[in-house]
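For reference, the structure is listed below as structure tokens.
The shown structure was predicted, so the numbers you read here are calculated from the model rather than taken from an experiment. Proteins get letters first, then strands, A, B, ... in listed order; numbering begins at 1 in each. Values below: all heavy atoms of this structure, side chains included; hydrogens, waters and symmetry mates excluded.
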Amino acid sequence: MPIVIDRVPDGVLLATDAGTTERVASAEFAGAVARREAARDDPPRWVWSDTAQWYPELLRAGVRVERCHDLRLVDAILAGVDGRPPEPALRRTVAPVTPTAPPGPTLFELVAPERHEPARAAVALHAEQSAALARDRGAGSPSARDLALLAAAESAGALAAVEMQHAGLPYSAVAHDALLTEALGARPVTPEARPARLDQLAKQVEALLGAAPGTLALDSPLELVAALRRAGIPADSTRAGELRQHDHPAIAPLLHYKQLSRLLAANGWAWLDEWVHDGRFRPSFVPGAVVTGRWGSDGGGALQLPKQIRGAVRADPGWVLVVADAAQLEPRILAALSNDSAMARAGAGVDLYAGMVGSGAVDSREQAKLGMLGAMYGGTTGQSARVLPRLQRAFPHAIRFVEEAARAGERGESVRTRLGRTSPLPGEAWRERQLLAAAEGASEAQRREARSAARSWGRFTRNFVVQGTAAEWALSWMAGVRRRLWSPDQGPLTEQPHLVFFLHDELMVHAPRDRAAEVEHALRAAAADAGRLLFGASPVSFPVTVAVVERYGEAK
DNA sequence: AAGCCTAGCGCC
DNA sequence: AGGGCGCTAGGCTT
């Protein structure tokens, strides 16, 4: 649903081509918009179907959008709250536009001027959504204020995602290549050939397992397990964790092979060729991809950039990377959600886990971390389960909160994040199973399976409230950082401090060195803002660690 | 050839 | 019997 801009009575700018039959070239359009934007004191909020669809082209034309309302993303949230399917008109029919793609059809050519239905639908949807965001849904439902905040944060995230793709993460292909060469040997002439170091390790493993050179497909788990067994290693799988349990001379080189093979397959030269150009890594980010509200990615693997290669992420000369990480975000979120004052006190410093040790609740930082992760994920075994009783005594409100979220899921109910994002309900098969198991004459096996499925859904809802609220905090943080860095008068986005990376609880800003302190302040201040936005006067703090570095690998 | 699944491992 | 993802390779089905 493309774009003409118009004022609507509440001061919102609406993206619609209703009433306009003129064909306008997009550059011309963008220029007109830019002038109009610059003349305003009160920044407009653009309303459009899909930020990822429309914003890249505007950015390329030099137009930055400060605020928007993403109909598709907001509708998905509201649909979840109201338990209805998402609006079909907002289904994505065209792939999102690559920020660096050569200009395709202009915005106006994408919809013939004689067909205004999509635009009219956009107007109607926006009216509906505005009403829905303001509607009181009764006790226990998210407030209009919270949903509006969530809509704004989600939409701001969508803008930031496009801007990050547009700017790209500064990345040294030379450094990456050097790193690969150091680990694997020189780049083979053909992509199928095994680099020297990898080949050497493969032959070593074959020899140690008693196989002839070139006869063992190390990348095939089935073949490898068989070969291990033939060599007297009682392996059930080829997972690194299991292999380490076995004592055999072939294990060490095999683990090394697997590590290098992984590096080559996931982030080797092919990856470099595909994703790094002109000194920038431009992965895709997908806001709202995960039901909890976390972002996803669909190309480039932005959210899985291995620590091993982060040294290749390098600021431009004279610039720095300001890398900020929200310290122990999820347990802090839980402390705030549950109003657990003991946990809030433990989190008064920068290290919540150390604070838990200091309060005497647990013996070690490692124990604190494992225990909290287990509590938030629903772990029932190992060390995390052993620590749980102590956590329960020390932080009863926090533990009760996640337990109640788990029980709700086990009953087949939905749960909500702080701002109201609602978990999906289990499917029909799940319900059927629970009913059958509860009926008279159900077999022991049926009851056991139903119980297991219920527990599993409970682990999902248990985690949903924490992971989802953490995602809301992170979106609010990002939106705040973006707002604080915003200055449309100072030229293009990439000539001033700008966001380049986001990783669930971590933000990175690429900035001229002499502006690093200002950026650091923005990152810290926005984090404090985010805490207040979500939790008001809660005593829980949300400290961020900030590193000003030239290479991402130096942070942390 | 394309699509789907699993194994395994990378990130949080 | 620990939550959420994406990606690759192998291996199967269509």
Whole-Å distance between [N] [atom2] and [X] [atom1]?
| X | N | atom1 | atom2 | value |
| --- | --- | --- | --- | --- |
| A/Glu449 | C/dA1 | CD | P | 15 Å |
| A/Phe464 | B/dC12 | CZ | C1' | 17 Å |
| A/Glu223 | C/dC12 | CD | P | 11 Å |
| A/Ile309 | B/dC11 | CD1 | C1' | 11 Å |
| A/Met508 | B/dC12 | CE | C1' | 14 Å |
| A/Trp457 | C/dG2 | CH2 | C1' | 16 Å |
| A/Phe502 | C/dC5 | CZ | P | 15 Å |
| A/Asn463 | C/dA1 | CG | P | 18 Å |

DNA chain C-proximal residues of [range], any heavy atom under 4.0 Å:
| range | value |
| --- | --- |
| residues 396-432 of chain A | none |
| residues 363-386 of chain A | A/Tyr377, A/Gly378, A/Gly379, A/Thr380, A/Thr381 |
| residues 201-212 of chain A | none |
| residues 169-183 of chain A | none |
| residues 321-331 of chain A | none |

Could you check whether [X] pairs with [Y] (Lys NZ or Arg NE/NH1/NH2 to Asp/Glu carboxylate O, under 4.0 Å)?
| X | Y | value |
| --- | --- | --- |
| A/Arg407 | A/Glu410 | yes |
| A/Arg194 | A/Asp219 | no |
| A/Glu403 | A/Arg400 | no |
| A/Glu404 | A/Arg462 | no |

Please indicate whether A/His256 has more than 12 foreign heavy atoms, meaning atoms of other residues, nucleotides or ligands, lying under 6.0 Å from its NE2. yes
Throw together a table of side-chain donor-acceptor distances under 3.5 angstrom for residues 368-396 of chain A, partners on residues two or more places apart or in other chains.
from: A/Ser384; atom 1: OG; to: A/Thr381; atom 2: O; distance (Å): 3.3
from: A/Arg390; atom 1: NE; to: A/Ala361; atom 2: O; distance (Å): 3.3
from: A/Arg390; atom 1: NH1; to: A/Asp363; atom 2: OD1; distance (Å): 3.3
from: A/Arg390; atom 1: NH1; to: A/Asp363; atom 2: OD2; distance (Å): 3.0
from: A/Arg390; atom 1: NH2; to: A/Ala361; atom 2: O; distance (Å): 3.4
from: A/Arg390; atom 1: NH2; to: A/Asp363; atom 2: OD1; distance (Å): 3.3

What closest approach, in Å, do [X] and [Y] show between heavy atoms, and which atom pair accounts for it?
| X | Y | answer |
| --- | --- | --- |
| A/Val466 | A/Leu337 | CA-CD1, 4.5 Å |
| A/Met164 | A/Leu499 | CG-O, 3.5 Å |
| A/Glu472 | A/Gly420 | OE2-N, 4.0 Å |
| A/Val415 | A/Ala408 | CG1-CB, 3.8 Å |

Per-nt protein contacts along nucleotides 1-10 of chain B (heavy atom under 4.0 Å; B base, S backbone sugar-phosphate only, - none) come out as ------SBBB
Taking only the side-chain nitrogens and oxygens of A/Arg459, find out if one of them lies under 4.0 Å from OP1 or OP2 of C/dG3. yes
Restricting to side chain to side chain donor-acceptor pair (under 3.5 Å), what partner residues turn up for A/Glu506, sequence neighbours left out? A/Tyr552
Side chain to side chain donor-acceptor pair (under 3.5 Å) involving A/His176 - partner list, sequence neighbours excluded: A/Tyr171
With sequence neighbours excluded, give me every salt bridge (Lys or Arg N to Asp or Glu O under 4.0 Å) pair touching residues 232-254 of chain A. A/Arg229-A/Asp236
Tell me yes or no: between the side chains of [X] and [Y], is some donor less than 3.5 Å from an acceptor?
| X | Y | value |
| --- | --- | --- |
| A/Arg416 | A/Thr422 | yes |
| A/Tyr353 | A/Gln367 | no |
| A/Asp199 | A/Tyr257 | no |

So if I take every side-chain heavy atom of A/Asp219 and compare against C/dG3, C/dA9, C/dC7, which nucleotide ends up nearest? C/dA9
Could you please name the option among C/dA9, C/dG11, C/dG3 that lies closest to any side-chain atom of A/Arg294? C/dG3
Does A/Ser452 or A/Phe460 map to a spot on DNA chain C nearer the 5' end, using the closest nucleotide for each? A/Ser452
Is the shortest side-chain heavy-atom distance between A/Ile251 and A/Ile233 below 4.5 Å? yes
Taken in chain and number order and not counting sequence neighbours, the residues that satisfy ring pair (Phe, Tyr, Trp, His ring centres under 6.0 Å) with A/Trp295 are A/Phe285, A/Phe502
So, using ring pair (Phe, Tyr, Trp, His ring centres under 6.0 Å) as the criterion, who are the partners of A/Phe460 when residues are at least two apart? A/Trp457, A/Phe464
Under 4.0 angstrom, heavy atoms only, what part of the nucleic acid is A/Arg451 near: base, sugar-phosphate, or nothing? nothing
